[in-house]
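The sequence lines fix the lettering, A, B, ..., with proteins before strands; numbering per chain opens at 1. Keep in mind that what you see is a predicted model, and the values were worked out from it rather than measured.
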Number of protein chains: 2
Amino acid sequence: MVSLREAVMTPDLQPAFRALADPTRRDILRMLGDREMTIAEVSENFDMTRAAVKKHLVMLSDGGLINVRAEGREKLNSLNADALRPVMHWLGWFDQFWDTRLDALKNVIEQEETND
Amino acid sequence: MVSLREAVMTPDLQPAFRALADPTRRDILRMLGDREMTIAEVSENFDMTRAAVKKHLVMLSDGGLINVRAEGREKLNSLNADALRPVMHWLGWFDQFWDTRLDALKNVIEQEETND
DNA sequence: TTGACATGATACCATTTGGTATCGCATATA
DNA sequence: TATATGCGATACCAAATGGTATCATGTCAA
């Protein structure tokens with residue numbers, strides 16, 4: 001029996017971290033930020049076969065990072081950004097070790113971002 | 001020529017993401033949060049040979065996640081948490097997609113954490 | 001019903017990954 | 001100087017990964 005907090009914040013991180021370890025899959029995630037896409041549409045953006053893209057989508061799905069919805073003979077893949085929260089949470093533990101000398105620089109950068 | 005922001009916030013993320021993709025390496029990072037350790041010391045915490053641990057340390061070093069300092073015939077490995085910032089930054093892009101309905105739950109959890 | 005088409009499934013291949021065993025080298029220390 | 005010790009390097013192996021080609025299946029449309 002795990003606590004509510006454990007259940008929500010500490011699922012098995014391995015599938016998500018593994019899914020994020022490939023640049024193609026990270027690119028796919030950002031593409032799906034725009035809109036949900038079929039496998040064929042995703043594949044158009046890469047120089048590889050649809051079967052290869054399909055494998056990446058399976059890994060993303062295994063990590064819970066995308067949802068797949070059937071519509072007729074098409075499968076629409078959509079981003080599930082919430083699955084990135086546990087990953088962020090894990091990384092957040094390291095906040096305590098961040099070099100505070102960089103904070104000023106961080107602020108500068110974030111200021112720049114507001115001007116994008 | 002890349003901008004300051006690009007140089008600081010968008011280095012090549014691949015070595016870091018790859019380093020984070022293995023549970024042993026993630027465990028090592030948290031161990032090194034306590035104190036810097038020799039290879040032998042890190043190896044004591046795992047059921048694998050020193051050579052295997054060494055390989056993990058090399059990958060962590062490739063990702064910039066640890067620093068290695070020689071002291072006599074020993075090599076002291078220490079956490080470089082700052083290298084996780086670009087990773088956090090990349091993940092932060094997805095904040096815009098997070099389900100706001102989870103924010104209340106997140107607050108509850110963070111409240112719990114203050115009571116640890 | 002008959003194609004056309006989007007997807008799924010499988011077999012296969014090369015490379016990377018995660019591990020072991022073993023040897024050599026540099027550095028403390030008796 | 002010997003010798004023990006901490007580490008690095010290499011060769012090797014099994015399994016996972018990232019890709020291809022090919023065929024099967026379900027669904028839309030004429």
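The main-chain N or O of B:R18 is found under 3.5 Å from a side-chain atom of B:R25 such that the two form a donor-acceptor pair. B:N80 places no side-chain N or O within 3.5 Å of a backbone atom of B:N67 that could act as its donor or acceptor partner.
When distances are taken from the side chain of A:A52 to each of C:dG18, D:dG8, D:dT20, the shortest belongs to D:dT20. Distance from the side chain of B:M48 is smallest for C:dT20 among the nucleotides D:dT20, D:dT17, C:dT20. Proximity note for B:K75 (side chain, C-beta onward) versus D:dC12, D:dG18, D:dC7: the nearest is D:dC7.
When side chains are defined from C-beta on, B:M37 counts as touching B:N45, because their heavy atoms get closer than 4.5 Å.
Within residues 17-27 of chain B, the residues approached by DNA chain C to less than 4.0 Å at the level of any non-hydrogen atom are B:R18, B:D22, B:R25, in residue-number order.
Toward the 5′ end of DNA chain D lies the nearest nucleotide of A:D47, the other residue of the pair A:D47 and A:R50 mapping further downstream. In terms of position on DNA chain D, the residue among B:L76 and A:M59 whose nearest nucleotide sits closer to the 5' end is B:L76.
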Look for any protein N or O under 3.5 Å of an N or O in nucleotides 26-30 of chain C and output each such pair with its distance, or none.
{"residue": "C:dT27", "atom": "O2", "partner": "B:R73", "partner atom": "NH1", "Å": "3.0"}
{"residue": "C:dA28", "atom": "OP1", "partner": "B:R73", "partner atom": "N", "Å": "3.2"}

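Hydrophobic clustering of Ile, Leu, Val, Met, Phe, Trp and Tyr side chains at less than 4.5 Å, counting indirect connections, unites A:L60 with B:W93. If you chain together hydrophobic residues whose side chains sit under 4.5 Å apart, B:V42 and B:L76 never meet in one group.
For the pair B:T38 and D:dC7, the criterion of a side-chain N or O lying under 4.0 Å from OP1 or OP2 is met. In this structure, A:T49 does not reach the D:dG19 phosphate: none of its side-chain N or O atoms is under 4.0 Å from OP1 or OP2. In this model, the phosphate group of C:dG19 is approached by a side-chain N or O of B:H56 to a distance below 4.0 Å at OP1 or OP2.
Counting all heavy atoms, side chain and backbone alike, B:L32 lies closest to B:N77 at CD2-O, 3.4 Å.
Here the straight-line distance linking atom CE of B:M48 with atom NZ of B:K55 works out to 11.5 Å at 0.5 Å rounding.
Nucleotide D:dG18 holds its P atom 12 Å from the CG atom of A:D62, rounded to whole Å. Spacing between atom CD1 of A:I39 and atom P of D:dG26 amounts to 16 Å, rounded to whole angstrom units. Atom-to-atom, NZ of A:K55 to P of C:dA9 comes out at 13 Å; the value is rounded to the nearest Å. Between the CZ atom of B:R69 and the C1' atom of D:dG6 there is a distance of 15 Å, rounded to whole Å. In this structure, the NZ atom of B:K54 is 8 Å from the C1' atom of D:dC7, given to the nearest Å. Nucleotide D:dG6 holds its P atom 14 Å from the CE atom of B:M37, rounded to whole Å. Here C:dT20 presents its C1' atom at 17 Å from CZ of B:F46, a figure rounded to the nearest Å. Rounding to whole angstrom units, CD of residue A:E44 and P of C:dA6 are separated by 10 Å.
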Checklist entry - Step by step, would you call B:I28 with B:I66 a side-chain contact (heavy atoms from CB on, under 4.5 Å)? => result CA-CA 10 Å; B:I28 291 175; B:I66 64 171; 5.5 Å; no
Checklist entry - Does the side-chain contact (heavy atoms from CB on, under 4.5 Å) test come out yes or no for A:Q14 and B:R26, once each step is laid out? => result CA-CA 10 Å; A:Q14 186 51 29; B:R26 291 197 301 276; 2.7 Å; yes
Next on the checklist: Could you go through B:D27 and B:R30, starting from their C-alpha distance and side-chain angles, then the distance that decides it, and tell me whether this counts as side-chain contact (heavy atoms from CB on, under 4.5 Å)?
Outcome noted: CA-CA 5 Å; B:D27 286 345; B:R30 299 205 59 151; 5.8 Å; no
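Here B:A51 lies in heavy-atom contact (under 4.0 Å) with a base.
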